[in-house]
There are 2 protein chains.
Amino acid sequence: MSDNPSSNRRRTPIWLAIANALRNDISEGRYAPGDKLPTESRLSDRFGVNRHTVRQALSHLTEEGLVRSRRGAGSFVAATPTDYPIGKRVRFHQNLRAAGRRPDRKVLLIEQHAASKGEAAALNIQTGEMLCYYSGLSYADGQPVALFETLFPLTRLARIEAALAECDGITEALRRVGVEDYTRASTRLTAVLADATQALHLQIREGDPLLRSTALNVDPAGVPVEYGRTWFAGDRVTLTIED
Amino acid sequence: MSDNPSSNRRRTPIWLAIANALRNDISEGRYAPGDKLPTESRLSDRFGVNRHTVRQALSHLTEEGLVRSRRGAGSFVAATPTDYPIGKRVRFHQNLRAAGRRPDRKVLLIEQHAASKGEAAALNIQTGEMLCYYSGLSYADGQPVALFETLFPLTRLARIEAALAECDGITEALRRVGVEDYTRASTRLTAVLADATQALHLQIREGDPLLRSTALNVDPAGVPVEYGRTWFAGDRVTLTIED
DNA sequence: TGATAAGATATGTCTAGTTGTATAGGAAAA
DNA sequence: TTTTCCTATACAACTAGACATATCTTATCA
């Protein structure tokens with residue numbers, strides 16, 4: 001604050017002062033979540049320092065989780081971590097909307113294949129029965145939060161493939177094929193490291209930590225309707241376990 | 001030195017990750033040989049990167065020989081370097097189309113001359129009988145693959161000259177002059193180096209390897225109808241010998 | 001039915017701008 | 001002297017947009 005960069009009695013390093021100034025700008029709403037910050041070049045002009053000094057400030061804010069930068073695109077104010085409750089009912093879109101955030105999703109692939117031994121066991125069906133494989137990305141406020149791949153038994157849900165392609169979410173698609181309600185039967189969590197493909201999709205770095213959830217959803221009669229795995233970007237989501 | 005302990009992870013470049021993902025899709029049969037890949041635009045959406053980054057991935061796969069792209073048309077999974085079966089029936093256009101590629105040809109020269117001693121012997125006719133000399137280039141997906149020069153006996157096929165000029169291929173031209181079918185009587189193969197003229201036509205470098213085929217085709221009665229030599233660009237074609 | 005023209009798509013190329021990384025060096029503090 | 005902080009430069013990797021050019025599709029007309 002009262003530090004003068006040209007003073008030789010400098011208590012705080014220049015980069016820290018810059019980081020504080022930027023953090024202040026953000027907290028005061030001068031830069032809102034999702035906004036693009038000025039380029040490093042412009043910031044180094046504004047603060048009258050070398051670009052590397054600005055970079056150190058930005059890298060500090062990045063580690064704090066306040067800023068996220070994309071090579072070639074710029075630096076952006078990060079959205080706050082999404083709190084993601086896991087309990088009897090897990091509804092991605094509803095959860096996010098309830099938290100005042102804008103949910104979205106992107107379809108990567110929808111296709112059919114025959115159930116392997118493991119998949120059949122998980123869904124409690126016969127090996128070789130047809131499944132619908134559905135993978136995609138979940139976004140919160142335009143920021144990728146999770147990568148999922150999930151399986152639906154086609155013998156139970158014949159028209160799920162078309163429904164998934166047309167609807168905005170799994171809940172909606174399941175309702176269209178006659179599953180009015182479903183609940184979470186089991187959830188298993190582990191931590192893994194992102195491989196190159198996952199990192200690409202989630203816009204994080206290879207080797208960054210992911211939270212992997214393996215879950216089974218069943219209809220009111222207890223029949224499995226969906227079995228899937230989800231990889232959450234570790235720094236963008238907080239999972240909360242409910243009773 | 002170690003300003004950021006977590007930054008020592010070696011990161012796969014984005015384009016490489018995309019190339020790997022696509023190669024994986026191809027090897028798993030998601031895109032079969034000859035299939036059209038999604039457009040660069042769609043791929044850049046799917047991977048959440050700029051189109052240029054996708055282009056670098058595709059160009060990598062192209063150099064590997066796994067993908068071929070045609071301006072205005074799209075990118076396609078390569079059906080191996082033109083696999084060219086040599087057996088009883090050798091039909092350039094049909095072979096290429098069966099491999100999912102786009103055949104084309106360019107006429108270099110069509111003229112008449114009297115048979116030399118060697119030519120007469122090959123076609124089993126009298127020295128001095130008139131021949132039709134036909135030379136040109138064969139293309140696959142717009143890329144020159146082979147240079148050929150071939151001879152037709154005019155006493156047997158009077159109007160072949162006009163037919164060659166008008167038709168799209170030898171099979172078609174022969175049919176028009178009454179040869180409904182023909183088979184390969186003999187094929188001899190050697191490897192040679194491209195001279196300056198050949199290199200120019202095939203868009204390769206002088207001294208690059210060529211596969212030279214000397215072949216005789218006969219009609220169902222065993223009468224020679226075509227005797228020719230073909231120079232294949234060695235790196236653009238694989239000859240397969242059939243029974 | 002077939003040919004042609006026009007429009008929509010898709011790849012190829014070019015220019016410019018932004019962040020990421022590596023290297024080297026100077027000035028002040030420990 | 002050594003370490004830390006900052007400057008300076010150069011290049012690599014990725015984004016962004018615009019435009020050129022080839023191809024495919026569709027509509028239209030004869």
Side-chain angles (χ1 to χ4, degrees), chain A residues 3-19 22 35-63 67-78 142 196 199-201 203-208, chain B residues 1-19 22 35-63 67-78 100-104 139 141-143:
Chain A
D3 283 326
N4 184 340
S6 62
S7 151
N8 48 5
R9 289 250 175 147
R10 197 164 53 221
R11 292 181 311 175
T12 29
I14 299 182
W15 64 266
L16 227 187
I18 294 177
L22 289 175
D35 277 7
K36 183 176 186 297
L37 293 176
T39 68
E40 294 173 351
S41 209
R42 297 196 77 80
L43 286 176
S44 63
D45 282 348
R46 165 176 160 192
F47 291 106
V49 297
N50 190 273
R51 193 182 136 223
H52 283 328
T53 312
V54 168
R55 280 183 60 72
Q56 178 148 12
L58 287 175
S59 125
H60 187 69
L61 294 176
T62 298
E63 291 217 344
V67 164
R68 214 159 55 84
S69 43
R70 273 168 43 217
R71 175 186 295 203
S75 295
F76 302 82
V77 179
L200 190 59
H201 283 131
Q203 294 177 24
I204 56 178
R205 296 168 69 130
E206 190 177 350
D208 277 357
Chain B
M1 285 303 200
S2 56
D3 37 70
N4 188 350
S6 66
S7 76
N8 239 359
R9 300 189 198 105
R10 195 176 46 216
R11 195 157 78 122
T12 313
I14 297 181
W15 64 266
L16 225 187
I18 294 176
L22 289 175
D35 277 6
K36 183 176 186 302
L37 293 176
T39 69
E40 293 173 351
S41 214
R42 292 197 69 79
L43 286 176
S44 63
D45 281 350
R46 164 175 162 194
F47 289 107
V49 300
N50 191 272
R51 193 183 132 221
H52 288 337
T53 310
V54 168
R55 281 181 61 73
Q56 177 152 9
L58 287 176
S59 115
H60 186 70
L61 294 176
T62 299
E63 289 211 346
V67 164
R68 290 167 199 275
S69 37
R70 278 163 40 213
R71 174 189 289 203
S75 297
F76 302 83
V77 178
R101 309 192 58 189
R102 183 172 51 87
D104 199 5
Y139 294 81
D141 290 340
Q143 191 178 46

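Just the heavy atoms: all of them, side chains too, but no hydrogens, waters or symmetry mates, feed the values below. This structure is a prediction, so every number in the text was calculated from the model and none was measured. To find a chain, count down the sequence lines: A is the first, B the second, and so on, and within it residues start at 1.
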* Evaluate the criterion side chain to side chain contact (heavy atoms under 4.5 Å, CB included) for residue pair A:L22 and A:V67; output intermediate values, then yes/no. => CA-CA 10 Å; A:L22 289 175; A:V67 164; over 6 Å; no
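Nearest heavy-atom pair across A:R205 and A:A199 is C-CB, 3.6 Å. What you find for B:A57 and B:A19 is that their closest heavy atoms are CB-N, 3.7 Å.
Residue B:H52 has its side chain nearest to C:dT13 when only C:dT13, C:dT11, C:dT19 are considered. Of the candidates D:dT15, C:dG20, D:dT7, C:dG20 carries the atom nearest the A:E40 side chain, counting heavy atoms from C-beta on. When distances are taken from the side chain of A:R71 to each of C:dG20, C:dA10, D:dA16, the shortest belongs to C:dG20.
Look at B:W15 and you won't find any side-chain N or O under 4.0 angstrom from OP1 or OP2 of D:dA13. For C:dG12, the OP1/OP2 oxygens have a side-chain nitrogen or oxygen of B:R55 closer than 4.0 Å. Residue A:S69 places none of its side-chain N or O atoms closer than 4.0 Å to OP1 or OP2 of C:dT18. Close to D:dA13, at under 4.0 Å from its OP1 or OP2, lies no side-chain N or O of B:T53. Under 4.0 angstrom from either OP1 or OP2 of D:dT7 there lies no side-chain N or O belonging to A:R51.
In this structure, B:L58 places its CG atom 8 Å from P of C:dT11, rounding to the nearest Å. Summarising the geometry, the separation between NZ on A:K36 and C1' on D:dC14 is reported as 13 Å, rounded to the nearest angstrom. D:dC6 atom P lies 13 Å from atom CZ of A:F47, rounded to whole Å. Distance, B:R42 CZ to C:dT9 P: 12 Å, rounded to whole Å. To the nearest angstrom, C1' of D:dA12 lies 11 Å from CD of B:Q56. Between A:R68 atom CZ and C:dT19 atom P there is a gap of 14 Å when expressed in whole angstrom units. Whole-Å rounding puts the B:F76 CZ to D:dT23 C1' distance at 10 Å.
Between A:H201 and B:F47, the ring-plane angle classifies as parallel under the 30° and 60° cut-offs.
Among the heavy atoms of the strands lying under 4.0 Å from B:I14 are primed sugar atoms or P, OP1, OP2 only; no base atom is included. Heavy atoms of A:R70 sit under 4.0 angstrom from primed sugar atoms or phosphate atoms, though from no base atom.
A donor-acceptor pair under 3.5 Å is formed between the side chain of A:E206 and the backbone N or O of B:T12.
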